[in-house]
2 protein chains.
Amino acid sequence: MARKTGSHSDITGPRVRAAALKLFAAHGFAAVSMRQIAAEVGVQAGALYLYTPDKQSLLFDLMRDHMQDVLNAWAAEEKPEGPVKELEAFSRFHIRFHLGRPEEVFISYMELRNLEPDNFEALGAMRRTYEGVLEDILTRGQDEGLFDVDDVKLTTLALIAMLNGVTSWYKPDGRLSLARVEAIYSDMAGKSVRMPRWKERQRKAEATQIA
Amino acid sequence: MARKTGSHSDITGPRVRAAALKLFAAHGFAAVSMRQIAAEVGVQAGALYLYTPDKQSLLFDLMRDHMQDVLNAWAAEEKPEGPVKELEAFSRFHIRFHLGRPEEVFISYMELRNLEPDNFEALGAMRRTYEGVLEDILTRGQDEGLFDVDDVKLTTLALIAMLNGVTSWYKPDGRLSLARVEAIYSDMAGKSVRMPRWKERQRKAEATQIA
DNA sequence: GGTTGATGTGAACGTGTGTTCAGATAGGGT
DNA sequence: ACCCTATCTGAACACACGTTCACATCAACC
């Protein structure tokens, strides 16, 4: 029976998660104690266990929810037609989404090794799903002769690494606006995989020659 | 007076560092105890303090030595002429060097936040020096009209992030050889910044038109 | 207005932490 | 043969850890 007034559980619960997010991102999962999290919330350590079964779950829930958010947000995104524009849309989406959640991103890529095996596997599956989106775009672009990609899997990982790197230096009040960063990254991503014009011409020339 | 036979300090010292490297890379600095390191070496925890003043120094020394190795190795590398070939040489060097030291690389980019302020600053300076190498190549290429880079600093960080990403998935016995990975990455890096031919032609056309 | 149940306290449990240090050990120098 | 000293042990220090639990508090309901 949920209380209406005076019930703190609706408030404290999210605050616990917010505190954990902030502290894990700043100092690392292993370096943060339950007492520090409790202090950030303004509560005693024991009270945390009303909102999480243990410290590990606190970490995993943050990571899982974040990955789910990414996947949902991409699913809701409007997709343009053709691999070239899709790649640009993906790059822009990735940069925009990740810059809006620097702490979640940081945790999701830094604390993987602190997950227990089952949780690690579950999160790995979600990550592979997301990478699959990019891999699919590259594959179709390659098939249509629009991209010149040596190895799709490797290129996928290289691009994701590049795009993720943005979170390690971007400051909202920095020199470059979000829009500019978004543009530069998506441009670099596009250029790094697109079929060069001379190669395209050569390909067409060979095709007509054979025919 | 150093012993010749039976002296273990020449042996135990490096073993302590090797154990710390291995364990820090596998589980993270904060999650590894001095007793675990000692056990890996086959010694009691107290003995470690004959080789390091404290745990923090153990981490910092590993990171500083690694960065110094990178800088030295690049200094010793033979450099080709021209920004385009220099960029390729840098990319290939970076991939090759980093894939040969996965643990050092992992630590150097994951454990920065566990460094005390002074150590953090010292390592940051070394990292900026290394990034300066790439930044310099891009700047010169841009000046010579060979590269089409929107923002040199941002592009530097994006490329470094992409190249570093390789360490998070590469397995020596995997599908792709080191040489192939090296080639693909340096190719992507080059394409992502190089001036497109059509833009180059346009630039030259405008130049003659003005003259 | 007394009862109930959600919410939180504060102390305690057992274990582990980084670090120190008196003492054991054993090989090299004389 | 003896001493010296580099090397290491094993116990101890004070403190922090994640987690549990008996108990307090207090708003909402009958």
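Just the heavy atoms: all of them, side chains too, but no hydrogens, waters or symmetry mates, feed the values below. The chains referred to below are lettered A, B, ... by the order of the sequence lines, with proteins before strands, and numbering in each begins at 1.
Cation-pi geometry between B/Arg101 and B/Phe97 is satisfied (NZ or CZ under 6.0 Å from the ring centre, within 45° of the ring normal). Cation-pi geometry between A/Arg128 and A/Tyr130 is not met at under 6.0 angstrom from the ring centre and within 45 degrees of the axis.
One atom, CG of A/Leu50, and another, P of D/dT20, lie 12 Å apart when rounded to the nearest Å. At whole-Å resolution of the value, CZ in B/Arg15 and P in D/dT7 are 15 Å apart. B/Tyr49 places its OH atom 18 Å from the P atom of D/dT7, with the value rounded to the nearest Å. Note: NZ (B/Lys55) to C1' (C/dT19) measures 12 Å, nearest angstrom.
Take the nearest nucleotide of DNA chain D for A/Gln36 and for A/Pro53: the residue whose nucleotide is more 5' is A/Gln36.
Remark: side-chain polar atoms of A/Glu135 are not paired, donor with acceptor, to backbone N or O of A/Val152 under 3.5 angstrom. A donor-acceptor pair under 3.5 Å links the side-chain atoms of A/Lys79 to the main chain of A/Trp74, judged by distance alone.
In this model, no donor atom of one side chain and acceptor atom of the other lie less than 3.5 Å apart for B/Thr139 and B/Asp136.
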B/Ile37/B/Phe24 under side-chain contact (heavy atoms from CB on, under 4.5 Å): CA gap, chis, key distance, verdict
CA-CA 9 Å; B/Ile37 298 172; B/Phe24 288 166; 4.0 Å; yes
Applying side-chain contact (heavy atoms from CB on, under 4.5 Å) to B/His94 and B/Ser91, what does each step give before you reach the verdict?
CA-CA 5 Å; B/His94 188 98; B/Ser91 304; 5.8 Å; no
Please walk me through it: do B/Leu59 and B/Leu115 pass side-chain contact (heavy atoms from CB on, under 4.5 Å)?
CA-CA 8 Å; B/Leu59 174 63; B/Leu115 288 177; 3.9 Å; yes
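Contact annotation for A/Gln56: no contact, since no heavy-atom pair falls under 4.0 Å across all strands.
If one axis is set at each end of the helix from C/dG1-D/dC30 to C/dG28-D/dC3 from five pairs, those axes are 10° apart, to 10°.
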Within the sub-3.5 Å range, which N or O atoms of nucleotides 12-14 of chain C have a protein N or O partner, and how far apart are they?
residue	atom	partner	partner atom	Å
C/dA12	N6	A/Arg35	NH2	3.4

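Contact check on A/Glu86 versus A/Arg140 returns a salt bridge, with a Lys/Arg side-chain nitrogen under 4.0 Å from an Asp/Glu carboxylate oxygen. Ionic pairing of B/Arg35 and B/Glu40 is not present here: no N-O contact between side-chain nitrogen and carboxylate oxygen is shorter than 4.0 angstrom.
A ring pair (Phe, Tyr, Trp, His ring centres under 6.0 Å) check over residues 136-191 of chain A, counting only residues at least two apart or in different chains, returns nothing.
Note on B/Tyr51: a side-chain N or O is less than 4.0 Å away from OP1 or OP2 of D/dC8. A/Thr12 has no side-chain polar atom (N or O) that falls below the 4.0 Å cut-off from OP1 or OP2 of C/dT7.
Near-neighbour residues of DNA chain D inside residues 37-46 of chain B, defined by a heavy atom below 4.0 Å, number-ordered: B/Val43, B/Gln44, B/Gly46. Within residues 23-34 of chain B, the residues that have a heavy atom under 4.0 Å from DNA chain C are, in order of number, B/Val32, B/Ser33, B/Met34.
Under the side chain to side chain donor-acceptor pair (under 3.5 Å) criterion, A/Gln142 pairs with no residue at all, not counting sequence neighbours.
A/Leu87 and A/Gly190 make their closest contact through CD2-CA, 3.9 Å (heavy atoms, listed as atom of the first residue, atom of the second, distance).
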